[in-house]
Amino acid sequence: MFFRGARRQAAGVKSAMSLLPTPKPEILPVLQIVTEGDAAVPSQGALAAEPPLEPTDELLAELSRASERLESATPQEILRYAVERFAPRFTMATAFGPEGMTLIHMLAEIAPSTPIFNLDTGYQFPETLELRERVKRRYGIEVELKRAETTVEEYETLHGGPVYKTDPNRCCFDRKLQVLKEAARGMHAWASAIRRDQSEDRRRADIVGWDQKFQLVKISPLANWTKKDVWNLINKHDIPYNPLHDKGYPSIGCWPCTRAVGLGEDERAGRWSGFAKTECGLHTQS
Ligand code: SF4
């Protein structure tokens, strides 16, 4: 049993620990440990993979070298690197935005068997879910819908109403972040479609780096692309996109937290309008 003698062991460890210098908290990786039988099993991302991938100094140095080398590479070259280095434990998350659609288009040519998933909060626009069907028809790729344990109805009943109205951070945490953690368990790396010029938070994104929040390698092939680059590719190859973009919605998330933007407004101004919130938390480290 995991707990057998745990108190005695803890006392021994405590006295031994008192002889050691105090560790610096910032260099300790945040691990969630769950018990399975007698073994302690890391519950997150690449640490739960078989074989596990751990953020050793060696790995972090490798990622840093790769990121530097790929700074001037095309998104296709970055995706090829990701597939060669991490498949079959390489995955992609998409909200079916224009950036995600370009990556899906590239992956369909480079590595169509890459598992792609969408965080289906239960609050997505019908147009977004319809786009999933169009991806299936165009590329033969079935984007997997990953959902929270509770339905929207159960979640709202549990909290006495829509949480997005009172605490959108909590709602995003429960219906996106927790779901991504679960979806990424056992993977080594994930691709995101963020661009550095979208926001201050995203400006700091590496092309390749260790994602401390999800305990995975994070790859951002479009980090150096602009909105114009994305739409040029969409128009050139007639890549399917969400029709709401033609109705004044440059950035689309869940329907309760997305509005159309006016002329001259920032492309993300329509997200969580009325709240200080600008990100769902998937791409921030805090
Ligand atoms: Fe909830 Fe809005 Fe976040 Fe969607 S975007 S998970 S509805 S708070």
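As the structure lists them, so they are numbered: ligands from 1, and atoms in each ligand from 1.
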Q: Do any of the N, O or S atoms of Cys171 sit under 2.8 Å from atom 1 (Fe) of ligand 1?
A: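 Coordinating: yes.
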Q: Assess the residue pair Asn118 and Glu144 against the criterion (side chain to side chain donor-acceptor pair (under 3.5 Å)); give the C-alpha distance rounded to whole Å, side-chain angles, the decisive distance to 0.1 Å, and a yes or no.
A: CA-CA 6 Å; Asn118 163 264; Glu144 196 179 344; over 6 Å; no
Q: Within a distance under 4.0 Å of any heavy atom of Cys254, pick out the atoms of ligand 1 and give their elements.
A: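 Contacts of ligand 1 toward Cys254, numbered from 1: 4 (Fe), 5 (S), 7 (S).
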Q: Any salt bridge between Glu154 and Arg175, counting N to O under 4.0 Å?
A: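 Salt bridge between Glu154 and Arg175, a charged N being under 4.0 Å from a carboxylate O: no.
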Q: Give the contacting part of Cys257 toward ligand 1: side chain, backbone, both or neither, where contact means a heavy-atom distance below 4.0 Å.
A: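 Near ligand 1, Cys257 shows its side chain, while the N, CA, C and O stay back.
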Q: Report yes if the side chains of Asp174 and Val163 come closer than 4.5 Å at any heavy-atom pair, otherwise no.
A: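 The answer is no; the side chains never approach within 4.5 Å.
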Q: Output yes when Arg65 and Glu62 qualify as a salt bridge under the 4.0 Å nitrogen-oxygen rule, no when they do not.
A: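 So Arg65 does not pair with Glu62 through a salt bridge.
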